[in-house]
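Data first, discussion second: the structure below is written as structure tokens.
Residue numbers start at 1 and run along the sequence shown. Fair warning: this is a prediction, and the values are worked out from it, not measured in the lab.
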Amino acid sequence: QREASGGILLMVAATLAVICANLPGIHHIYEEFFHLHFFGWIPGLEKIGLDLSLHEIINDALMAAFFFLVGLELKREILEGELSDPRNIMLPIVGAVGGMILPAVLYSLMNMGDAQAMRGWAVPTATDIAFALGVLTLLGSRVPNALKIFLTSLAIFDDLGAVLIIAFFYTAKISFLPLAAVFGCALILAAMNKVNVAKKTPYLLVGIVMWYATLQSGVHATIAGVLLALFIPLFKNTSDISRSPLKKLERKLHP
């Protein structure tokens, strides 16, 4: 029930990870563990591209769910919260752009002349949103809500920019048929939103298909979580949380 609990768990896990990754004799077990295919025994998964390693499950599935949650929070704040004033949303956007450009420039200046190292210029452009929010939750109510919203929105814009950088500069092959399926799913979600579909299940089912198509396209699958969140209706004129699909999903996902 305490907001700080998630941040504490995150810091403990990170500390253990750093220790394991640097202990002689254990670090290779740590590496191998994250490359285990836990669902490899299910027939047909490999053929459809879903025989994911633990590392891929975390990066492409769990992080997509995390981005779905922060996307819901961001949409709510834009429609009826701190970011409903367009002037307030410009600051995190400018901050995100600066937070991508400056680290990339500094990295490039420090690695000039090393062709191999220069390929990593995009690595420092991304903000680790989970850690950033985890640190804030440790401080609990002492952190103003406006600061949390600012950091959340900045990190989302920053990560979306990083995903686009990866898609344009680092993806070896983009598959356009799955991308077309992603676009089709987005149109279906937009249509459901337009006619005020209030049930959550249809959105989530289309969202799962969109996630799978994004995964197969070569673009980072977390973008599907943000896209899905954009189409979940808020129903601004109701104060009853049970009648707002967005607020209901947000409340259920938080734990």
Side-chain angles (χ1 to χ4, degrees), residues 6 39 45 48-50 52 56-84 89 92-93 129-130 133 148-149 152-153 155-164 166-167 174-255:
F39 300 102
L45 273 189
I48 61 172
L50 282 178
L52 305 177
E56 290 167 330
I57 289 170
I58 294 166
N59 274 7
D60 296 324
L62 296 180
M63 284 303 292
F66 176 71
F67 268 81
F68 176 53
L69 173 60
V70 293
L72 291 173
E73 291 179 340
L74 183 64
K75 179 176 179 178
R76 176 175 51 76
E77 290 298 336
I78 288 173
L79 291 179
E80 62 175 24
E82 298 274 350
L83 300 176
S84 55
I89 205 169
I93 290 174
I129 181 172
L133 294 177
K148 291 180 183 176
I149 293 161
T152 301
S153 49
I156 288 176
F157 292 132
D158 190 294
D159 277 6
L160 287 176
V163 166
L164 291 174
I166 291 167
I174 294 282
S175 298
F176 289 99
L177 190 60
L179 266 185
V182 172
F183 184 67
C185 288
L187 288 178
I188 294 169
L189 289 168
M192 290 196 299
N193 183 287
K194 185 73 175 174
V195 298
N196 292 325
V197 173
K199 290 187 178 296
K200 304 183 295 295
T201 306
Y203 290 101
L204 296 177
L205 289 174
V206 176
I208 290 168
V209 175
M210 183 166 68
W211 171 83
Y212 174 70
T214 309
L215 183 68
Q216 298 306 309
S217 71
V219 176
H220 205 295
T222 51
I223 200 138
V226 179
L227 279 175
L228 175 59
L230 293 178
F231 294 109
I232 304 294
L234 172 67
F235 297 147
K236 284 172 63 177
N237 298 327
T238 177
S239 57
D240 184 3
I241 289 178
S242 66
R243 297 184 64 187
S244 171
L246 188 149
K247 289 179 181 177
K248 280 173 71 177
L249 278 168
E250 196 179 341
R251 187 174 60 182
K252 287 183 176 181
L253 279 171
H254 255 292

Distance-only donor-acceptor hits, side chain of residues 176-193, under 3.5 Å, sequence neighbours excluded:
{"unit_1": "Asn193", "atom_1": "ND2", "unit_2": "Phe231", "atom_2": "O", "d": "2.8"}

Which pair of non-hydrogen atoms, one from Leu215 and one from Ala221, has the smallest distance, and what is that distance?
CD1-CB, 4.1 Å
Can you tell me how far the CG atom of Leu72 sits from the NZ atom of Lys252, to the nearest 0.5 Å?
13.0 Å
Looking at every non-hydrogen atom in both residues, tell me the closest pair between Ile223 and Val219 and how far apart they are.
CG2-CG1, 4.1 Å
Can you measure from OG1 (Thr152) to CG (Leu69) and round to the nearest 0.5 angstrom?
9.5 Å
CD on Gln216 to CG on Leu50, rounded to 0.5 Å:
6.5 Å
I need the minimum non-hydrogen distance between Leu228 and Met210, along with the two atoms involved.
N-CE, 3.7 Å
Is Glu77 close to Glu73 at the side-chain level, that is, under 4.5 Å between some pair of heavy atoms?
no
Can a donor-acceptor pair be found, under 3.5 Å and without considering hydrogens, that links the side chain of Lys75 to the backbone of Leu230?
yes
So, Tyr203 side chain and Pro233 main chain: donor-acceptor pair closer than 3.5 Å or not?
no
If we only count heavy atoms from C-beta on, is the Leu246 to Leu79 side-chain gap below 4.5 Å?
no
Take Arg251 and Lys247, measure what side-chain contact (heavy atoms from CB on, under 4.5 Å) needs, and give me the verdict at the end.
CA-CA 6 Å; Arg251 187 174 60 182; Lys247 289 179 181 177; over 6 Å; no
Start with the C-alpha gap between Phe68 and Ile232, add the side-chain angles, then the distance that decides, and say whether side-chain contact (heavy atoms from CB on, under 4.5 Å) holds.
CA-CA 10 Å; Phe68 176 53; Ile232 304 294; 3.9 Å; yes
Please round to the nearest 0.5 Å and tell me the distance separating atom CD1 of Ile89 and atom CG of Leu74.
6.0 Å
Would Phe235 and Asn196 satisfy side-chain contact (heavy atoms from CB on, under 4.5 Å), going step by step from the backbone distance to the final call?
CA-CA 9 Å; Phe235 297 147; Asn196 292 325; 3.7 Å; yes
Nearest 0.5 Å please: distance from the CZ atom of Phe39 over to the CG atom of Leu45.
8.5 Å
Run the side-chain contact (heavy atoms from CB on, under 4.5 Å) check on Thr214 and Leu227 step by step: do they pass?
CA-CA 11 Å; Thr214 309; Leu227 279 175; 5.7 Å; no
